[in-house]
Each structure stands twice: as C-alpha cells, then as structure tokens.
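Following: one structure in structure tokens, then a few remarks.
Whatever order the structure lists them in is the order used to number ligands and atoms, beginning at 1.
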Amino acid sequence: MSLAPSQSAAMKPSKGKLPISVVTVIVCSFAFIALLYTDTSRSLFKLKSCPRRSPVEKSKDRAAEDNLKNFQMDDRFEFDPEECTVNTGKWMFNKTFKPLYTDRSCPYLDKQVSCVKNGRRDTDYRRWEWQPDDCTLPRFNPELALKKLRGKRLLFVGDSLQRGQWQSFVCLVEWIIPEDKKSMKQGHSHSVFRAKEYDATIEFYWAPFLIESNTDDHIIVDTKKRILKVDSIDKHAKHWGGVDFLVFNTYVWWMSGLRLKTLWGSFANGEEGYEELDTPVAYKIGLKTWANWIDSNINPNKTRVFFTTMSPTHTRSEDWNNTEGLKCFNETKPVLKKKYWGSGSDKRMMSVVASIGKKMKVPVTFINITQLSEYRIDAHASVYTETGGKLLTEEQRADPLHHADCIHWCLPGVPDTWNRIFLAYL
Ligand SMILES: *[C@@H]1O[C@H](CO)[C@@H](O)[C@H](O)[C@H]1NC(C)=O
Ligand SMILES: *[C@@H]1O[C@H](CO)[C@@H](O)[C@H](O)[C@H]1NC(C)=O
Ligand SMILES: *[C@@H]1O[C@H](CO)[C@@H](O)[C@H](O)[C@H]1NC(C)=O
Ligand SMILES: *[C@@H]1O[C@H](CO)[C@@H](O)[C@H](O)[C@H]1NC(C)=O
Ligand SMILES: *[C@@H]1O[C@H](CO)[C@@H](O)[C@H](O)[C@H]1NC(C)=O
C-alpha cells in the first residue's frame with residue numbers, strides 16, 4: 001500500500017467576528033474599583049467597595065488595565081472553531097520546537113514515512129509551526145486527546161495519506177501510556193491501537209476511494225485496469241458502524257488519469273460493462289454514494305464526522321519556480337509566498353467536496369489542510385523512503401526524478417499539524 005494518498009481539508013466558515021467574551025466594561029468613578037481576576041481561562045469580575053485612590057492603588061489600577069488588555073488579547077486569540085479560519089495563516093520557523101515523538105521513539109511508524117531513520121539528515125522541516133492569521137492553534141496535548149477519547153472509538157478511513165494521519169495521531173498520544181496499558185493490532189485493511197485505561201481505540205480502515213473498487217485489497221499497478229464501483233460502498237461501510245469519531249479522506253487515488261473506468265447501476269454486465277467518466281464526474285458520484293451512506297446510517301447525536309481535504313503532491317518544481325529542481329527532492333524550506341497553490345491540488349475536486357458537504361444532513365467538519373500543506377514542499381518523504389518494503393538503494397536515491405516520493409509526508413511532520421487542527425475541533 002505504498003501508492004496514493006492525499007487529502008485536503010477546509011475548515012468551518014468563519015463568521016469573521018471576534019468572540020466577545022469580555023462582556024462588561026466596568027467604570028469605577030468614586031464608589032467602586034473593579035478588580036479583575038483572571039483564572040486560567042475565563043475572567044471573573046469582582047466588585048469591591050472603592051476607597052480613596054492612593055498612588056499605589058493608581059498603579060494597581062494601571063496594572064489591572066494592562067492585565068485587562070492582555071487578557072483581551074489572549075482571549076481574542078483563543079482558538080474557537082466557529083471564529084477561526086485555521087487554513088489561512090503562515091508557517092513560522094521555531095528553532096526550539098521539538099516534536100512529541102521521533103521515528104525512533106514511536107514503534108508504530110511505517111518505513112515509508114520514517115525519513116530520518118531512513119537517512120534524511122536535515123531536520124528543519126520538523127520545526128515549522130502553523131500560525132493561523134486570526135487565532136492561535138493550541139499545541140497537541142496528548143492527555144487532553146486521550147480524555148476526549150475516553151470510552152470511545154476514533155476511526156480514520158481512507159488512503160495511505162490518511163494512514164499517515166492515523167499514525168501521527170497514535171504517535172502523538174502513545175508515549176504517555178505505559179507499555180502494558182496499550183496494544184496495537186495491525187490488520188490487512190483494519191488496524192486498531194488501544195489505550196486500555198482509557199477504554200479508547202484509535203483505528204485505521206483502508207478504503208482508498210471510500211467506495212469499492214477492484215484495486216482496494218490487491219493493488220492493480222496498471223491504472224488502466226482499475227475499475228471503480230462508484231455506487232457501492234457497503235463492503236467497506238459495514239465496518240464503520242458504532243464509531244464515535246469518523247475521519248475520512250479520498251483524493252489522490254482518483255488522480256491517475258483524465259478519465260476513470262466506472263461501474264454503476266446494474267452490474268449485470270460484469271466488469272466489462274464499465275463506463276469511462278471524467279475524473280471530477282466520477283469523484284462526484286463516488287462522494288455522493290459516501291454522503292448518502294452517512295446521511296442514512298449515521299446518527300449525528302452519537303457520531304461526529306470529519307473529512308480531511310486533499311493532501312497536495314509536489315512533483316513539479318516549476319510550480320515554485322525551481323527550474324533546476326527534481327520534484328520535491330532536496331527542498332529544505334517551505335514556499336513562503338502567500339496563497340501559493342501548485343498543480344498538485346485540483347480545485348475542481350475540492351469544489352466537489354465542498355458542494356457535497358453543504359448538502360448533507362449530517363454535519364461534516366472539514367479539516368482543511370490543503371492550503372497549509374501546499375507550502376510544504378520540504379516535508380515529503382522524497383528519497384528517504386521505501387519501495388516494496390525495501391529502503392531505496394543508493395542508485396535509486398541518486399535518481400529522484402523516478403524515485404522521490406513527493407506525495408507522502410515524513411513523520412514527525414506536517415500530518416502532526418493536521419492532527420493539531422483536528423484535536424482543536426474535537
Ligand atoms: C478549503 O480551503 C480552500 C481555501 O484554502 C477553499 O478553497 C476550499 O473550498 C476549502 N474546502 C472545503 C471542502 O471547504
Ligand atoms: C517555540 O517553541 C518553544 C518550545 O516548545 C516554545 O516555548 C516557544 O514559545 C515557541 N516560540 C514561538 C514563537 O512560538
Ligand atoms: C438528536 O437529538 C435531538 C435533541 O435531543 C433530537 O431532537 C433528535 O431527534 C436526535 N436525532 C436523532 C437522529 O436521534
Ligand atoms: C514564480 O515566478 C512568477 C513570475 O515571476 C511569480 O509570479 C510567482 O509568484 C513565483 N512563484 C513563487 C512560488 O515564488
Ligand atoms: C542536494 O543538496 C545537496 C546539499 O545542499 C547538494 O550537495 C547536492 O548537489 C544537491 N543535489 C542536487 C541534485 O541538486
């Protein structure tokens with residue numbers, strides 16, 4: 001399963017207003033002074049009778065004012081999914097930032113994404129933090145994550161990019177759990193990490209198109225032989241019941257050509273009866289099948305549904321004006337140009353996702369990671385990866401044009417930021 005992954009995500013619409021949580025302005029003229037107390041998160045106003053103001057008290061007042069200002073600042077920037085558009089912002093280099101895990105400390109990472117273990121020497125790509133324009137994204141807090149999952153099941157469904165997000169999530173939390181209080185069961189299409197004391201599971205289910213295809217279980221390398229059953233989903237979806245948090249993705253597997261072979265309606269003609277459809281048309285039918293399944297099988301009071309938007313690929317260095325470049329090979333810095341968008345994220349596919357999401361009965365939260373990941377040409381596995389279970393050879397490494405993987409992301413890395421956003425929404 002080394003082929004395609006991809007996702008992107010969008011966030012909830014922002015109302016473009018700041019939360020007004022400091023509701024009251026207190027004027028203390030003669031009779032009262034206001035003392036402002038702030039506990040860690042919310043403000044409490046306490047009124048006390050106001051004596052004559054000595055210079056000391058005046059300076060206390062000033063301090064309180066400053067406090068109030070700071071507090072308002074902090075409060076304004078506190079993360080609120082309704083108010084913050086997390087997908088507009090910039091990457092900030094933080095030299096002292098350290099990921100919560102490494103590809104040596106976390107035992108659950110695939111070779112495919114263990115870049116440093118595989119020989120990547122530069123590590124700056126791990127030290128960029130996403131800074132949204134109008135809020136601060138909280139750091140990933142593993143304890144908080146496990147508390148939110150107590151007694152619950154979290155299931156990631158999708159392709160190898162989604163598997164990356166799942167492994168990132170597992171690695172972000174697993175290190176705070178003692179050895180005998182956790183377990184991992186890796187299966188062919190379904191893998192389960194269990195945090196025993198929390199009675200919680202963090203799972204992954206392989207379904208690269210979400211709908212059924214002839215290349216789900218045994219991957220057909222020749223993309224022309226792949227056939228998508230765009231209106232069939234039950235074979236996969238029967239494994240998604242009774243889950244508390246569902247996180248989907250699907251994109252990159254659809255991008256194998258301009259047209260896709262699809263089967264729909266009656267299968268009476270067998271696989272010979274396929275029809276070729278333009279990729280966005282096939283994608284739309286496939287996603288509608290998924291949306292209908294969600295709307296008729298998911299009780300939104302019991303299950304929350306998330307969708308990670310397309311993960312951009314970076315295989316054309318001309319996109320970012322590196323005419324000497326070989327795909328994403330040797331890139332060590334993100335693109336810093338605002339709103340940079342390359343050819344690896346298809347806007348037509350994004351608009352299909354957005355329009356289907358809007359029409360669903362069950363609310364879907366988009367983890368809109370496309371724009372922020374677009375900048376990260378430096379963070380792919382590149383030549384520090386494997387093929388067919390074996391590390392690339394020196395020869396293969398010397399030929400990035402044919403062997404660099406500019407689809408998958410090194411871990412720790414960019415998918416940790418996707419999970420930072422996901423946890424903030426959770
Ligand atoms: C994700 O964000 C982009 C802008 O960065 C937007 O164009 C797109 O519609 C969003 N996707 C969804 C599904 O909301
Ligand atoms: C950089 O990371 C360090 C360590 O986590 C943190 O203390 C510091 O506040 C961060 N700096 C910025 C500017 O976010
Ligand atoms: C969900 O809860 C609301 C409010 O309690 C209720 O009105 C609604 O019928 C419930 N929906 C389902 C599908 O159970
Ligand atoms: C690439 O060059 C073009 C033309 O000079 C410019 O408009 C564009 O912003 C550049 N792109 C990046 C990512 O720097
Ligand atoms: C890749 O980067 C290294 C170190 O900066 C440099 O020595 C090497 O020539 C670069 N390789 C290519 C093919 O650009």
Residues [X] and [Y] bridged, charged N to O under 4.0 Å:
{"X": "R120", "Y": "D122", "answer": "yes"}
{"X": "E276", "Y": "R259", "answer": "yes"}
{"X": "D378", "Y": "R376", "answer": "yes"}
{"X": "R139", "Y": "E129", "answer": "yes"}

Sub-3.5 Å N/O-N/O distance, N321 and ligand 4 =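 N/O-N/O distance below 3.5 Å exists for this pair.
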Who are the residue neighbours of ligand 3 when the rule is a heavy atom under 4.0 Å from any of its atoms?
->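 Residues near ligand 3: N299, N301.
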Taking K182 for the side chain and F193 for the main chain, is one N or O donor matched with an acceptor at less than 3.5 Å?
->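 Answer holds: no.
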Minimal non-hydrogen separation, I421 against V86, with atom names =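 Heavy-atom minimum between the residues: CG2-CG2, 4.0 Å.
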Can I get a per-line list of side-chain donor-acceptor pairs under 3.5 Å for residues 351-362, giving both atom names and the distance, sequence neighbours left out?
from, atom 1, to, atom 2, distance (Å)
S351, OG, R348, O, 2.9
S355, OG, S351, O, 3.3
S355, OG, V352, O, 3.3

For ligand 4, which atoms, with element, lie under 4.0 Å from some heavy atom of K337?
->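 Numbered from 1, ligand 4 contributes 8 (C), 9 (O), 11 (N), 12 (C), 13 (C), 14 (O).
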Under 4.0 Å from a heavy atom of Q371: give me the atoms of ligand 1 that qualify, with their elements.
->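 Once the distances to Q371 are compared, the set is 5 (O).
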